[in-house]
Amino acid sequence: MRRRTFLLAGGSLAGCLRSSQAAAPPESAPEPHFPDRLHQFVWRNWELANTGRLAQVAHCRPEAILEIGRSLGLPRKPQLSADQLRRIYITVIRQNWRLLPNDQLIELLGWTREKFEFTLKEDDFLSEKLGAKPACPPVIYAPPDAKARQRAAEIRRTLQTHLGRELEREGEPPFQFVQRLSDLHFRLARDRAAHASPDQVDLTGWSVRAENSVRRLADRFAAYLQEAMGAVPNGAARKTILFRMEPALGVAAEAFRLSVEDSHVEVAGNSHNGLLQAIYWMQHEMEESGGPFLKRGRVERRSVFHPRYLYSYFALYGDPLLEPEIDPFPDGYLEKLGKAGISGVWMQCVLNTMAPSRMFPEFGKGADERLANLSRLVERVKRTGLKVYLYLNEPRAMPARFFQSRPEMKGAESRGLYSICTSVPAVREWISDGLAHIFERVPELGGVFSITMSENLTNCFSHFHPESCPRCSRRKSWEVVGEVLDAIHSGVRRSSPTAEVIAWDWGWPEEMCRNLIPKLPHDSRSLSVSEWSIPIERGGVKAEVGEYSISVVGPGPRATANWALAKSAGVRPMAKTQFNNTWEISAVPYIPVGHLIARHCAGLVRAGVSGVMASWTLGGYPSPNLEIAREFYFSPADSPERILERVAARRYGRKAAPLVLEAWKGFSEAFEEFPYGVSIYILPMQHGPANLLRARPTGIHSSMILFPQDDYKSWCGRYPPEAVQSQC
């Protein structure tokens, strides 16, 4: 099932927010393997909340919580840091959604109700992923009776029998991977047995010089030589590596030339980022060779895909600009992304929180603080050669009370919310003014990309049901959406002549694409999901790709048709791709299918796209897959086979590279058997052992992503369950 279809068929947000007393679903029952709801509460939250908070929620002393934990055989209670608690909120909500009433859940999080409701509504459709909130009675502490104590003792004995001392072994702290990815230090170990080949120059002992304007980049490369390659520069060395700027190298966003001779190396770039790409190229060459060795001769390369942006591997989605202490883009992580070919990162922008408005005085609360934090973030990201892009899905629908004083703006209705009708000129003016304000305050932003027909109700056509709007019901969809895109474009252009304005055709029907893409402004870009509409047959079941996929290699007929429309209208086409993971298997940072990634990238080069969006909210890990894709971003590129060999050698060493290539090939062939056509958004493989095994059917239906339950017939989609099992 497609994500849009799933969400548009789902329950209302209002049903998730109303009190536990009024919720329509039946009252949730305690898991039968726990003594009672109190023991389930302690077990579920032992590693998600601190003791004092658990005691506060359950109305007891902290010692009572610890005693229940001991009775269940749980290991020593961890103390979570403020950073860990802020990052883990979705897990807390998921673990307690069917256990606690909203009031206790909000108390457990330490939030306000306003923040809780905003998160459910705006954190990438979190309310839909959770499903309707069951009626949950409060969990209040009472001393366990004899039966509960007996069952707790049975659980403790089970843990001790099967896990024993493993229970007391200290695991890695939550989110330790963030610290590792944030680390700027070079951890590559030089292969001390490696030597320069006859066609290579050994840079050991060479000095580094640079023009003043690029001194910082030269120092960066010198540090790499010393720390990672062990090639300590000699201050008296006559052999030098010279860095300089040469704008005449071309108009490509990044271009560089490298001349390597026995007596000197000259590195020239057409821009700061061009030189940065030259440094990355040299680093890759050295890592492939196992030492500070560069091949003698001349190399010239230029970017053919730009921009190349994705979402941070560990960014908070909802309202991160009010929590700047949780850095979504640490310098070390940005360095790793840049080295993997990424030129930008994106984050959500909810316009009514980012700019004040005379028309809507309730909008813009906290906007100055958000924009100040965004400006600091953008400036810091810029120092690493990357840019920040904003994701727009506007205007966000509002409840009926919003329109009591402005009924002329009330648009189409969907599940208790109403569009702010964009056929009203004043609404488009607000969109344009808001974006002009953002780009005036933060001029170094890389740009925006927009979805206009999404699961969120925005314009009156966004859910394909404009009948309840007295204005849009008489208009064509492409007229209405075109006006929204024009408002976005004009707002950005009022403050920035160079920022990217990217229109994503996500959810656009074919007729809309034909009528709208040719009318996009020439200085904007048209973004299409590369693999959509490819027909496949696996396990005897026919399907057509309508979601993000790695197992099906693009580009497909929909994207190529829309790119052709864009090119004929003078609009640059872009590809939405996913090079790390998808909801086919989201529980790993990346799926090691290098051959599929290489095939897809080679197809994008042939298609002549101008840039790539390399992930949705998944897929920001700096992986070998991203390194493989990087090699296709610059011209001239090697063959796919040679690219795979080079990346394998860089990542795993020359001796291990043949084994890695064999593994990638096997994984790629296997993944092309993924039973595409299953309901990927409810598959339990997104959770692994976190999705509980059941002794008896529960009768509870799956929700999107977060609760697969035991609803296996729904998981299988159009496949018979036996076919899914066989294909997997």
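Quantities reported herein were computed from a predicted structural model and do not represent experimental measurements. The analysis underlying the following values was restricted to heavy atoms, covering all of them including side chains, and did not include hydrogens, waters or symmetry mates.
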Query raised in the report: What pairs with Y333 under ring pair (Phe, Tyr, Trp, His ring centres under 6.0 Å), at least two apart in sequence or on another chain?
Result: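 In terms of ring pair (Phe, Tyr, Trp, His ring centres under 6.0 Å), with neighbours along the sequence ignored, Y333 is linked to F314.
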Requested in this report: With sequence neighbours excluded, tell me which residues meet ring pair (Phe, Tyr, Trp, His ring centres under 6.0 Å) with Y389.
Outcome: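 Scan of Y389 (ring pair (Phe, Tyr, Trp, His ring centres under 6.0 Å), adjacent residues dropped) gives Y309.
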Query raised in the report: Only one of E479, R475, E483 clears side chain to side chain donor-acceptor pair (under 3.5 Å) with S423; which?
Result: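 When side chain to side chain donor-acceptor pair (under 3.5 Å) is applied between S423 and each of E479, R475, E483, only R475 qualifies.
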Report task. Considering only NZ, NE, NH1 and NH2 on the basic side and carboxylate oxygens on the acidic side, decide whether K121 and E117 come within less than 4.0 Å. Result ->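 No salt bridge links K121 with E117.
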Requested in this report: Determine, for R558 against D505, whether the closest basic-nitrogen to carboxylate-oxygen distance falls under 4.0 angstrom.
Outcome: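 Salt bridge present between R558 and D505.
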Does any part of the side chain of [Y], heavy atoms only, come nearer than 4.5 Å to the side chain of [X], both counted from C-beta?
X: L392; Y: I431; result: no
X: N352; Y: F360; result: no
X: R441; Y: D368; result: yes

[X] side chain to [Y] main-chain N or O, any donor-acceptor pair under 3.5 Å?
X: S526; Y: M574; value: no
X: N459; Y: S462; value: yes
X: Q686; Y: I680; value: yes
X: S312; Y: P328; value: yes
X: W97; Y: G131; value: yes
X: K387; Y: G447; value: no
X: S303; Y: E254; value: yes
X: E440; Y: S495; value: no
X: E413; Y: G416; value: yes
X: R308; Y: G341; value: yes

Requested in this report: Apply the test side chain to side chain contact (heavy atoms under 4.5 Å, CB included) to residues L54 and V57: give CA-CA distance (whole Å), side-chain angles for both, the deciding distance (0.1 Å), then the verdict.
Outcome: CA-CA 5 Å; L54 294 176; V57 172; 5.9 Å; no
**Report entry** Step-by-step side chain to side chain contact (heavy atoms under 4.5 Å, CB included) determination, V178 to R87
**Finding:** CA-CA 11 Å; V178 176; R87 292 186 184 277; 3.9 Å; yes
Distance alone, cut at 3.5 Å: any donor-acceptor contact between the side chains of [X] and [Y]?
X: H463; Y: S414; answer: yes
X: W508; Y: T452; answer: yes
X: S432; Y: S490; answer: yes

Query raised in the report: Between E379 and R383, is a salt bridge (Lys or Arg N to Asp or Glu O under 4.0 Å) present by the stated rule, with each step listed?
Result: CA-CA 7 Å; E379 284 298 320; R383 293 199 296 268; over 6 Å; no
**Report entry** Cation-aromatic face contact R494/F439, 6.0 Å, 45 degrees
**Finding:**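 No, cation not above the ring by the 6.0 Å, 45° rule.
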Requested in this report: Decide if atom NZ of K382 counts as having more than 12 heavy atoms of other residues, nucleotides or ligands within a radius under 6.0 Å.
Outcome: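 It does not: K382 NZ has 12 such atoms or fewer within range.
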**Report entry** Crowding at CD, E408 (>12 non-hydrogen neighbours, <6.0 Å)
**Finding:**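 Above 12, so yes.
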Report task. With salt bridge (Lys or Arg N to Asp or Glu O under 4.0 Å) as the test, would you mind laying out the steps for D523 and R493 before giving the verdict? Result -> CA-CA 10 Å; D523 63 342; R493 284 290 171 261; 2.6 Å; yes
Would a line drawn from the ring center of [X] to the ring center of [Y] be shorter than 6.0 Å?
X: W504; Y: W346; result: no
X: Y313; Y: F177; result: yes
X: Y418; Y: F402; result: no

**Report entry** Among Y311, F579, Y391, ring pair (Phe, Tyr, Trp, His ring centres under 6.0 Å) partner for W616
**Finding:**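 Testing each of Y311, F579, Y391 against W616, the sole residue satisfying ring pair (Phe, Tyr, Trp, His ring centres under 6.0 Å) is Y391.
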Query raised in the report: Could you walk me through whether W478 and L485 pass the side chain to side chain contact (heavy atoms under 4.5 Å, CB included) check?
Result: CA-CA 10 Å; W478 51 87; L485 293 174; over 6 Å; no
Query raised in the report: Where do H306 and R572 land on the side chain to side chain contact (heavy atoms under 4.5 Å, CB included) test, with the steps shown first?
Result: CA-CA 11 Å; H306 193 279; R572 290 168 293 177; over 6 Å; no
Requested in this report: Could you check R370 against D319 for salt bridge (Lys or Arg N to Asp or Glu O under 4.0 Å), going step by step and ending with a plain yes or no?
Outcome: CA-CA 9 Å; R370 289 183 180 91; D319 198 6; 2.7 Å; yes
Requested in this report: Decide salt bridge (Lys or Arg N to Asp or Glu O under 4.0 Å) for R401 and E362; before the verdict, give the C-alpha distance in whole Å, the side-chain angles of both, and the deciding distance to 0.1 Å.
Outcome: CA-CA 12 Å; R401 63 179 179 273; E362 60 266 65; over 6 Å; no
